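Okay, structure first, notes after.
Fair warning: this is a prediction, and the values are worked out from it, not measured in the lab.
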Amino acid sequence: MPLALLALAIGAFGIGTTEFVIMGLLPEVAADYGVSIPTAGYLVTGYALGVVLGAPLMTVLGTRIPRKRMLMLLMGLFIAGNVLSALAPSFGLMLGGRVVASLAHGAFFGIGAVVAAELVAPEKKAGAIAMMFTGLTVANVVGVPLGTLVGQTLGWRVTFLLVASLGVLGLLGIARLVPELPRPAGGVRIRSELAAFRNVQVLLAMAMTVLGFGGVFAAITYITPMMTNVAGFADTSVTWLLVLFGLGMVAGNLIGGRFADRALMPMLYVSLGALAVTLAVFTLTAHSKAGAAVTVVLIGALGFATVPPLQKRVLDQAAGAPTLASAVNIGAFNLGNALAAWLGGLVLAAGLGWTAPNWVGAALAASALVLALVSGALERRTAARPGTGGRAATAGSAAARTAPEPVPAHR
């Protein structure tokens with residue numbers, strides 16, 4: 001794997017840290033600004049909405065900019081947003097800083113996934129994407145707990161300044177290590193990028209992203225009350241459970257990338273099916289400390305094992321115009337998080353018990369598995385048609401006919 005992937009992973013580490021560290025610092029931020037914790041929660045919601053809206057917006061704005069330069073500009077936007085958050089004298093400006101930083105999130109991962117895939121040979125694309133996403137998973141193991149500790153001891157503003165410094169490091173790494181990749185033949189055109197969304201396989205992959213990863217967050221969003229009220233953990237132990245969840249994410253991400261390069265669709269069938277079963281079983285294992293700890297690791301591993309294959313699936317099916325589709329798929333992860341958290345809250349409000357969100361997660365993951373099976377069946381049917389040359393067509397994507405020449409692995 002080229003060193004350029006390290007620069008992308010550093011940027012991903014910073015983005016992952018700023019996205020999740022706020023959850024552990026809400027009481028400190030709320031006290032500093034004199035607002036309630038539910039009001040401070042808008043810092044989480046605002047960031048998520050910024051990712052969903054910013055992914056296509058920033059990608060469209062960057063269609064005429066070389067990908068390396070666009071990645072550097074996105075890192076600059078990320079740095080500015082975190083500096084604004086750290087220095088904001090009012091809650092409104094703090095929220096504005098969060099939104100500014102979030103605008104870089106989806107486009108960075110979307111464009112970064114395309115760049116990562118172009119840096120390696122075709123048979124290593126999913127592994128390269130997984131390498132970049134390793135920065136995001138490691139952020140949950142190292143960045144978030146450390147950032148929370150720093151914020152609680154030295155002040156939350158110091159945490160966001162440190163996150164901004166990670167952005168500077170990522171920016172310098174991209175400038176130094178990421179090569180200038182050739183632009184696609186004819187440039188990147190909005191019409192070609194939008195044409196990819198007429199491909200039913202692209203839409204199915206995005207729907208799998210929303211439902212599959214949403215299944216994970218249906219359970220994890222409410223992990224604290226579930227573990228303290230059902231499993232009997234102390235409040236202070238939840239941090240270590242989240243570290244275990246992060247370790248599972250790291251392992252699942254690497255495994256998913258490795259096997260997706262060998263057999264992408266079978267990898268999705270296995271990971272989504274196992275995720276649905278594990279989430280359902282969590283309603284039972286949540287009553288045991290040991291069982292709950294093991295299950296949390298499995299949920300992290302199986303959930304993130306779907307990320308590299310789903311991202312590669314979108315890149316493959318969007319063929320000649322992958323940038324916008326890749327970025328929108330990143331927004332789909334956050335959309336799934338928001339949907340799952342809302343559905344999980346509904347079953348809790350209905351009085352169905354602290355473990356009820358696990359059933360919601362299991363249902364979402366099972367729905368994603370059904371879509372994966374449908375997608376695989378459609379692909380096999382297309383490949384069996386006379387004149388397709390034994391390979392799946394990217395019907396509906398006019399952009400596929402303008403696919404750029406592959407970049408040699410040594411670049």
Side-chain angles (χ1 to χ4, degrees), residues 14-58 74 77-109 136 139-140 143-145 147-148 150-152 155-164 167 210 213-214 216-225 235 238-239 242 330-349 357 360:
I15 291 174
T17 300
T18 204
E19 179 181 16
F20 295 111
V21 76
I22 188 63
M23 298 176 186
L25 297 176
L26 283 182
E28 286 77 13
V29 175
D32 197 8
Y33 287 121
V35 301
S36 67
I37 289 181
T39 299
Y42 289 135
L43 298 173
V44 178
T45 305
Y47 189 95
L49 293 176
V51 174
V52 174
L53 297 176
L57 175 64
M58 299 307 297
L74 290 170
L77 189 64
F78 171 79
I79 295 166
N82 280 284
V83 170
L84 178 58
S85 296
L87 303 179
S90 67
F91 180 77
L93 283 177
M94 167 64 170
L95 179 59
R98 291 286 291 168
V99 172
V100 169
S102 72
L103 294 176
H105 183 126
F108 180 86
F109 280 107
L136 177 63
N140 285 274
V144 173
T148 301
V150 169
Q152 291 173 345
W156 62 268
R157 295 179 187 274
V158 177
T159 295
F160 283 97
L161 288 175
L162 289 176
V163 170
V210 172
F213 211 70
V216 173
F217 270 79
I220 296 302
T221 299
Y222 302 100
I223 191 71
T224 297
D235 291 342
V238 175
T239 299
L242 291 177
I330 299 299
F333 284 105
N334 285 75
L335 180 61
N337 297 350
L339 173 65
W342 175 66
L343 292 174
L346 287 182
V347 297
L348 286 177
V360 173

Of the non-hydrogen atoms in [X] and [Y], which two are nearest, and what is the gap between them?
{"X": "V52", "Y": "L335", "result": "CG2-N, 4.1 Å"}
{"X": "E28", "Y": "Q152", "result": "OE2-CG, 3.6 Å"}
{"X": "T148", "Y": "V21", "result": "N-CG2, 3.6 Å"}
{"X": "Y222", "Y": "A218", "result": "CD1-O, 3.5 Å"}
{"X": "A86", "Y": "F160", "result": "CB-CB, 3.8 Å"}
{"X": "A340", "Y": "G214", "result": "CB-O, 2.8 Å"}

Gap separating the [atom1] atom of [X] from the [atom2] atom of [Y], nearest 0.5 angstrom:
{"X": "L136", "Y": "F108", "atom1": "CG", "atom2": "CZ", "answer": "10.5 Å"}
{"X": "F20", "Y": "L25", "atom1": "CZ", "atom2": "CG", "answer": "14.0 Å"}
{"X": "I220", "Y": "L242", "atom1": "CD1", "atom2": "CG", "answer": "7.0 Å"}
{"X": "L84", "Y": "I79", "atom1": "CG", "atom2": "CD1", "answer": "13.5 Å"}
{"X": "R157", "Y": "M94", "atom1": "CZ", "atom2": "CE", "answer": "8.0 Å"}
{"X": "L74", "Y": "I15", "atom1": "CG", "atom2": "CD1", "answer": "8.0 Å"}

Taking the side chain as every heavy atom from C-beta outward, state whether [X] and [Y] have any pair of such atoms under 4.5 Å apart.
{"X": "W156", "Y": "D32", "result": "yes"}
{"X": "F91", "Y": "T39", "result": "yes"}
{"X": "V83", "Y": "L87", "result": "yes"}

Self-check item: Partners passing ring-ring contact (aromatic ring centres under 6.0 Å, His included) against F333 (at least two apart in sequence or in another chain)
Solution: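 F333 satisfies ring-ring contact (aromatic ring centres under 6.0 Å, His included) with F213 only.
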Self-check item: Residues that F109 engages under ring-ring contact (aromatic ring centres under 6.0 Å, His included), provided they are two or more places apart
Solution: H105, F133
Self-check item: Pairing residues for N82 by the side chain to side chain donor-acceptor pair (under 3.5 Å) criterion, not counting sequence neighbours
Solution: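 Once residues adjacent in sequence are excluded, the partners of N82 under the side chain to side chain donor-acceptor pair (under 3.5 Å) criterion are T18.
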Quiz prompt | N/O donor-acceptor pair under 3.5 Å between T159 side chain and G147 backbone | solution =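 Such a contact is found between T159 side chain and G147 backbone.
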